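Note that this is a predicted model, so its numbers are computed, not measured.
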There are 2 protein chains.
Amino acid sequence: MTIAEASKKYEISADTLRYYERIGLIPPVPRNKSGIRDYEEDSCRWIELMKCMRSAGVRIEALIRYVALVQQGDDTLEERRMLLMEQREQLMARMEDMQRSLERLNGKIMGYEEKIRTQREGMPLDKGEP
Amino acid sequence: MTIAEASKKYEISADTLRYYERIGLIPPVPRNKSGIRDYEEDSCRWIELMKCMRSAGVRIEALIRYVALVQQGDDTLEERRMLLMEQREQLMARMEDMQRSLERLNGKIMGYEEKIRTQREGMPLDKGEP
DNA sequence: ATACCATCTGGAGCAAGCTCTAAGTCAAGT
DNA sequence: ACTTGACTTAGAGCTTGCTCCAGATGGTAT
């Protein structure tokens, strides 16, 4: 699979795929005899994983560390587990922030619905935001 | 309340508070006769709201638009409601991405726990990541 | 008066994460 | 043989969201 095909398949620009490889967010992608990347199963699984993690906001730096550990082999299993657990903590913390924000947005939206209804009835509005 | 006190109260640097005001993320903060900001109830509520929204990753640009609409008065209620609903959609979408990522992390962590257990028993490991 | 300290402003600087550019290589088609 | 077009690299540039800095001002303590 060429970079163009991988790019299309995962909806990640070719530039970004090259960038990811350059910085070690995915391991080196095998090349054909003329130096052109050939994305196969393995590279694709990495891309897919990183797309998932990045879309959730996991930091590139943490993911690079993870990839490096995987490439170092089976002595790093424990370290990898710890790294992933730390990222999970951070992810959950962020989701809690978002949950709070979501509830607040819901409250505000309901408030506006009420206000708009009241306004249509020609009632006076109270001032004061937020 | 001075900027130092507000900064401490909300755990946002004074620089950031000034920045937020400068870009319109919060409405202008009233000043005393010598030009020093005096954060009162109203400003504080804005800060608190923005802290919440920003911690959830809501884009500054959207929040600036919201503040501008609030300052324009009651003709913008409907527009504000729509803006908030759009942000809510985006927030929920991101939370879904994070949920997927979280499940994936959980799966990987469990996989590592299993692998580490197996390894301790001196069993051979299969290769292949992720 | 003088020193000190927090505050002010406008603008520069910085980190993360892409995104774009220039110049070069290679395989295929005419 | 020559053009075309996708690929390569190294490096510059961009966006977002702060963060820091320099120089000015003003109230308070000695």
N/O (side chain, [X]) to phosphate O (OP1/OP2, [N]) under 4.0 Å:
| X | N | answer |
| --- | --- | --- |
| A:Arg31 | C:dC26 | no |
| A:Thr16 | C:dG17 | no |
| A:Ser13 | C:dC18 | no |
| B:Tyr20 | D:dC18 | yes |
| B:Ser34 | C:dT7 | no |

In this structure, how many angstroms lie between the [atom2] atom of [N] and the [atom1] atom of [X], rounded?
| X | N | atom1 | atom2 | value |
| --- | --- | --- | --- | --- |
| A:Leu17 | D:dC7 | CG | P | 11 Å |
| A:Glu21 | C:dG17 | CD | P | 18 Å |
| B:Ile60 | D:dG17 | CD1 | C1' | 5 Å |
| A:Asp15 | D:dG13 | CG | C1' | 12 Å |
| B:Arg18 | D:dA24 | CZ | C1' | 14 Å |
| A:Arg54 | C:dA16 | CZ | P | 11 Å |
| B:Tyr19 | D:dT16 | OH | P | 9 Å |
| A:Leu63 | C:dC18 | CG | C1' | 15 Å |

Which one of A:Leu25, A:Val29, A:Thr16, A:Leu17 satisfies the side-chain contact (heavy atoms from CB on, under 4.5 Å) criterion with A:Ile47?
A:Leu17
Is [X] touching bases, backbone alone, or none of the nucleic acid, heavy atoms closer than 4.0 Å?
| X | answer |
| --- | --- |
| A:Ala4 | sugar-phosphate |
| A:Arg22 | base |
| A:Ile23 | nothing |

Salt bridge present between [X] and [Y] (N-O < 4.0 angstrom):
| X | Y | result |
| --- | --- | --- |
| A:Glu11 | A:Lys51 | yes |
| B:Arg117 | B:Glu114 | yes |
| B:Arg94 | B:Asp97 | no |
| A:Glu48 | A:Lys9 | no |

Nearest to the side chain of A:Ile3 - C:dT7, C:dA16, D:dC7?
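Selected nucleotide (nearest to the side chain): D:dC7.
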